[in-house]
There are 2 protein chains.
Amino acid sequence: MNSEKSPPRIPSEPRTRIQRRNHKAILDAALDVFSSKGFRGATVDEIAQAAGLSKPNLLYYFPTKEAMHLALLSTLLDVWLDPLRTLDPQGDPVSEILGYVRRKLEMSREMPRESRIFANEVLQGGPHLGDTLGTVLKPLVDEKVEVIRGWIAAGRIAEVHPYHLIFSIWSLTQHYADFDVQVRTVLGDEGADPFPEAERYLVALFTKLLTP
Amino acid sequence: MNSEKSPPRIPSEPRTRIQRRNHKAILDAALDVFSSKGFRGATVDEIAQAAGLSKPNLLYYFPTKEAMHLALLSTLLDVWLDPLRTLDPQGDPVSEILGYVRRKLEMSREMPRESRIFANEVLQGGPHLGDTLGTVLKPLVDEKVEVIRGWIAAGRIAEVHPYHLIFSIWSLTQHYADFDVQVRTVLGDEGADPFPEAERYLVALFTKLLTP
DNA sequence: TGTTTGTTTGACCAAATGGTCAGGAACACG
DNA sequence: CGTGTTCCTGACCATTTGGTCAAACAAACA
């Protein structure tokens, strides 16, 4: 009755130990390659090699290159948006926003590959994102924008355009992951790690911006 | 004596009318395709078609795909850095920097393809840029950083880390070109053009940041 | 007009690449 | 040990793609 040959059913819940291990290895290798070469620039062979598998073996776990990419994007999106979710309407406005800035900047330092994979994707118009931006990102942002509007109305932070405030947090923090080469080249050898200085700069910037 | 067959010598100074016309058409088409698909994602055929030429005919003008890309990058870099060059040490500090922000933002609106082509390139570590960042970009930035340091020392603007100030101008302005899809999706239908609002936001931001 | 020089193309090629498949090895388990 | 399931591989295929080439065509010009 069941005539299909594709073995690993749903990637979300791997069965055996081997499957779990290889799944993880593949996704990690894929993250490496996709983030540094982009979707088109990445080859299945390279990902397989990075994962320590043969190409057919990789294709045994993920039917296509796109499936891998998609699995990555959807898995990472949650992680990626998490800092914004934790923005607490009950907290102190300035601290909350500064906390968000710090978390995002930390993610740029700790997870630059994740940042770049999204940058690559969005840069090219999000051909693999489908309507994810509209159905996942936008509602979340809309929700938090309302929170910020409330803070502004209560006079607890300065009047700023809430959407552009969020855009500015994204761009300022992700810049250090996405354009890492440029940042390091311009800064030169002095101060090999740009992040401590960046944090000081961004905290000062947003403090001045938000203080009424 | 001259046994080579490649006809168009130096692209920088085209001879005939036809050559000039096709050169322009090719570079424009290449800008279109490279900026929307990335280097690897772009195909010579697609560029040729966009330029209204056959593939072999395109290859008659540019020997390789890389040559096209390189010609584009080096041509555009000057344009791209021009706003920074015009930062005038003699001018009023805040106005000069705000002027720079406005010019960069305008470039994001008027030349998003150029912004994206650089973003794509830098994102992947600048494999086609060679040492351009170190030899062209860095010296210019270093020079302007000195100007900013002078302004700070004179107490004419607030104390900010000059390098990160420049990074923040880049990221905040280019964000609207590079992540256009995201910006428009999040903003939704209301306010189809994000730029006027963006300008107001950025001017306010940098004014607050720089005013001592 | 004839000849030289510049422009264009159809046909073609080699390499890279995403993906398939039949069967072999390893493992689980009765 | 035997048997069914899971895991893995070498060989192979079709398509895409960057690039070549000989020859046709057009322009310039003597």
Taken to the nearest 0.5 Å, the spacing of B/L70 CG from B/T75 OG1 works out to 9.0 Å
Parallel, tilted or perpendicular: ring planes of A/H164 versus A/H161, cut at 30 and 60 degrees = perpendicular
Ring centres of B/H69 and B/F39 under 6.0 Å apart?
-> yes
Separation between CD of A/E110 and CZ of A/F195, rounded to the nearest 0.5 Å | 8.5 Å
For the atom pair CG (B/L31) and CZ (B/R116), what is the distance rounded to the nearest 0.5 Å?
-> 10.0 Å
Value in whole Å for how far the C1' atom of C/dG10 lies from CG of B/L59 | 14 Å
Under 4.0 Å between a side-chain N/O of B/Q19 and OP1 or OP2 of C/dG6, yes or no?
-> no
Any side-chain N or O of A/N22 less than 4.0 Å from the OP1 or OP2 oxygen of D/dT6?
-> no
Between atom CD1 of A/I18 and atom NE2 of A/H23, what is the distance when rounded to the nearest 0.5 Å?
-> 13.0 Å
Options C/dT7, D/dT6, D/dG19, nucleotide nearest the side-chain atoms of B/Y61 = C/dT7
Working for side-chain contact (heavy atoms from CB on, under 4.5 Å), residues B/L73 and B/T132 | CA-CA 10 Å; B/L73 286 182; B/T132 310; over 6 Å; no
Interatomic distance, CZ@A/F34 vs CD@A/E46, rounded to 0.5 Å, equals 10.0 Å
Could you tell me the separation between the CZ atom of B/R20 and the C1' atom of D/dA27, rounded to a whole number of Å?
-> 15 Å
Could I get a table of every N or O pair under 3.5 Å where one atom is in the protein and the other is in nucleotides 26-30 of chain C?
none

Distance only, no hydrogens: is a donor on one side chain within 3.5 Å (strictly under) of an acceptor on the other, for B/D142 and B/Y163?
-> yes
Where along residues 31-47 of chain B does a heavy atom fall under 4.0 Å from DNA chain D?
-> B/A42, B/T43, B/V44
The reported gap from NE2 in B/H128 to CG in B/N120 (rounded to nearest 0.5 angstrom) is 9.5 Å
CE of B/M68 versus C1' of D/dT17: gap in Å, rounded?
-> 12 Å
Do any N or O atoms of the protein come closer than 3.5 Å to N or O atoms of nucleotides 9-14 of chain D, and which pairs are they?
{"residue": "D/dT9", "atom": "OP2", "partner": "A/S54", "partner atom": "OG", "Å": "3.0"}

Basic-acidic side-chain contact under 4.0 Å: B/E197, B/R200 | yes
